[in-house]
Amino acid sequence: FLKTDIHEFFGSIQYDTLLDMALEKSACRRRKHVIARALKTCFYDGHMPIGFITSPVLSDLYLHKLDKKYLNREDKMLLSILRAANHLQS
């Protein structure tokens, strides 16, 4: 059993990186300015705050690639991974 916490997780998420990820998943890249403006409202002083209601949802988008990487390994290594926002448990 392993449990870990990603230190300073929400504060470490960068707006530009998350915007690129959101646009990568978006079917409507022509509306980049709308997505960018909406995403900007989820940040405070350039960082994603812990208390905003949108932070857990956006953190899921941010960690999507990590989740996929671990899901591919679960079957091979008989692992079970549980992630809730910035907490990982195996």
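Count residues from 1 along the sequence. Quick note: numbers below take in every heavy atom, side chains included, and nothing from hydrogens, waters or symmetry partners.
- Atom-to-atom distance recorded for Met21:CE and Gln14:CD is 11.5 Å, nearest 0.5 angstrom.
- Ala38 is linked by a side-chain contact (heavy atoms from CB on, under 4.5 Å) to nothing, counting only residues two or more places apart in sequence or in another chain.
- Using a distance-only test at 3.5 Å, with no hydrogens or angles considered, no donor-acceptor pair links the side chain of Ser55 to the main chain of Met48.
- Pro49 and Cys42 make their closest contact through CD-O, 3.5 Å (heavy atoms, listed as atom of the first residue, atom of the second, distance).
- In summary, of the residues considered (Thr54, Leu61, Val34, Leu18), a side-chain contact (heavy atoms from CB on, under 4.5 Å) with Leu39 occurs for Leu18 alone.
- Evaluation of the side-chain contact (heavy atoms from CB on, under 4.5 Å) rule for Ile50 yields Phe10 as partners, not counting sequence neighbours.
- Taking the ring pair (Phe, Tyr, Trp, His ring centres under 6.0 Å) definition, one finds that Tyr62 meets it with nothing, sequence neighbours left out.
- In the hydrophobic clustering, where aliphatic and aromatic side chains (Ile, Leu, Val, Met, Phe, Trp, Tyr) are joined below 4.5 Å either directly or transitively, Tyr44 groups with Phe52.
- The distance from atom NE2 of His47 to atom CD1 of Ile13, rounded to the nearest 0.5 Å, is 11.5 Å.
- Between the CG atom of Asp20 and the OH atom of Tyr15 there is a distance of 9.5 Å, given to the nearest 0.5 Å.
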